[in-house]
Amino acid sequence: MGRLFVVNLEGQIYSCKYCRTHLALYHDIISKSFHCRHGKAYLFNKVVNVWLGKIEERLMMTGMHTVADLFCVGCGSIVGWKYETAHEKSQKYKEGKFVLESLNRVKVVGADESRLLWVSHEADAGGSEEGEDV
């Protein structure tokens, strides 16, 4: 196995709840209207510091999709999934996009129902500022 390089993002970011590894930028959110079996989820244009699991067919609420689970490179936690292929024509916009699950995976500081971690790097390095539920 090679050396692991972790990408550090700047600005308003989403991080892994368990190890705080940066995962995505706020401005890369495409939709906040997604749901997973655990609750709320967000669709992103791109994510970093993840590795893809095995590609598989999965029946979701919007039909059959070919997806791969996303794992945090820092701690190995499942943080969401990537849409490889959408079988329904109306769902093709999801192809190549990423979903980060908000419950159990990541936490927005100050939000009760979610666990997406909203980190403001304008704050000192040891802490995070409370932000809005995004």
Side-chain angles (χ1 to χ4, degrees):
M1 186 169 199
R3 184 175 202 163
L4 177 65
F5 290 95
V6 176
V7 176
N8 287 312
L9 301 172
E10 292 187 19
Q12 297 174 319
I13 62 166
Y14 291 91
S15 298
C16 175
K17 174 192 183 285
Y18 302 106
C19 69
R20 299 185 139 220
T21 297
H22 298 180
L23 300 173
L25 289 168
Y26 172 77
H27 71 261
D28 286 326
I29 293 175
I30 297 170
S31 175
K32 297 178 185 178
S33 303
F34 275 67
H35 299 280
C36 62
R37 65 188 137 196
H38 304 294
K40 205 173 183 184
Y42 296 161
L43 183 68
F44 285 84
N45 222 6
K46 60 184 174 182
V47 296
V48 296
N49 300 322
V50 297
W51 58 273
L52 294 175
K54 181 180 141 194
I55 294 174
E56 62 185 23
E57 298 292 316
R58 198 174 290 167
L59 182 59
M60 302 184 137
M61 294 188 320
T62 55
M64 187 63 74
H65 293 78
T66 305
V67 300
D69 286 331
L70 297 176
F71 295 88
C72 173
V73 299
C75 66
S77 299
I78 294 179
V79 293
W81 67 90
K82 179 184 181 185
Y83 285 105
E84 296 289 342
T85 308
H87 299 284
E88 303 286 327
K89 190 172 187 167
S90 65
Q91 301 299 307
K92 292 286 187 186
Y93 74 96
K94 296 176 181 176
E95 291 182 346
K97 305 296 189 279
F98 306 88
V99 173
L100 293 181
E101 298 181 44
S102 60
L103 187 68
N104 297 331
R105 312 299 184 220
V106 282
K107 182 180 179 188
V108 178
V109 175
D112 295 330
E113 73 281 354
S114 148
R115 291 190 183 171
L116 280 171
L117 182 60
W118 182 260
V119 179
S120 172
H121 284 279
E122 289 76 38
D124 61 74
S128 64
E129 294 180 1
E130 287 194 22
E132 294 180 47
D133 183 4
V134 290

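This chain uses plain numbering: 1 for the first residue, then up along the sequence.
- Nearest heavy atom pair, residue K46 against residue D28, reads CE-OD2, 3.3 Å.
- The line from CG of N45 to CG of L25 is 11.0 Å long, rounded to the nearest 0.5 Å.
- Note that OG1 of T85 and CD of E57 are 7.5 Å apart. Values are rounded to the nearest 0.5 Å.
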Scan the side chains in residues 89-97 for donor-acceptor partners under 3.5 Å anywhere in the protein, sequence neighbours excluded, and list what turns up.
from: Q91; atom 1: OE1; to: K94; atom 2: NZ; distance (Å): 2.6
from: K92; atom 1: NZ; to: A86; atom 2: O; distance (Å): 2.8
from: K92; atom 1: NZ; to: E95; atom 2: OE2; distance (Å): 3.2
from: K94; atom 1: NZ; to: T62; atom 2: OG1; distance (Å): 2.8
from: E95; atom 1: OE2; to: A86; atom 2: N; distance (Å): 3.0

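- Atom SG of C75 is separated from atom OH of Y18 by 8.0 Å, given to the nearest 0.5 angstrom.
- The cluster map of Ile, Leu, Val, Met, Phe, Trp and Tyr, joined by side-chain heavy atoms under 4.5 Å apart, puts F71 and I55 in different clusters.
- Using a 4.0 Å cut-off between a side-chain N of Lys or Arg and a carboxylate O of Asp or Glu, E56 and R58 qualify as a salt bridge.
- Pairing each heavy atom of V47 with each of A24, the nearest pair is CG1-CB, 4.1 Å.
- Closest approach of C19 and C72 over heavy atoms only: SG-SG, 3.5 Å.
- Between the NZ atom of K32 and the NZ atom of K40 there is a distance of 7.5 Å, given to the nearest 0.5 Å.
- Panel note: side chain N49, backbone H22; a donor-acceptor pair is recorded below 3.5 Å.
- The two residues V73 and V6 make their nearest non-hydrogen contact at CG2-CG2, 4.4 Å.
- Without hydrogens or angle criteria, H65 side chain to G63 main chain gives a donor-acceptor distance under 3.5 Å.
- Side-chain contact between Y26 and Y14 is present, with heavy atoms from C-beta onward closer than 4.5 Å.
- Hydrophobic clustering of Ile, Leu, Val, Met, Phe, Trp and Tyr side chains at less than 4.5 Å, counting indirect connections, keeps V67 apart from M64.
- Between E101 and G80 the shortest heavy-atom distance is OE2-CA, 3.9 Å.
- The two residues G53 and A68 make their nearest non-hydrogen contact at O-CB, 3.6 Å.
- Using a 4.5 Å cut-off on side-chain heavy atoms (C-beta onward), K17 and V79 make no contact.
- F44 and L52 fall within the same hydrophobic cluster, defined by Ile, Leu, Val, Met, Phe, Trp and Tyr side-chain heavy atoms under 4.5 Å apart, directly or through other members.
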Stepwise side-chain contact (heavy atoms from CB on, under 4.5 Å) test for Y83 and L43: CA-CA 10 Å; Y83 285 105; L43 183 68; 4.2 Å; yes

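- To the nearest 0.5 angstrom, N8 atom CG is 8.5 Å from T21 atom OG1.
- Residues M61 and Y42 do not share a hydrophobic cluster, clusters being chains of Ile/Leu/Val/Met/Phe/Trp/Tyr side chains in contact below 4.5 Å.
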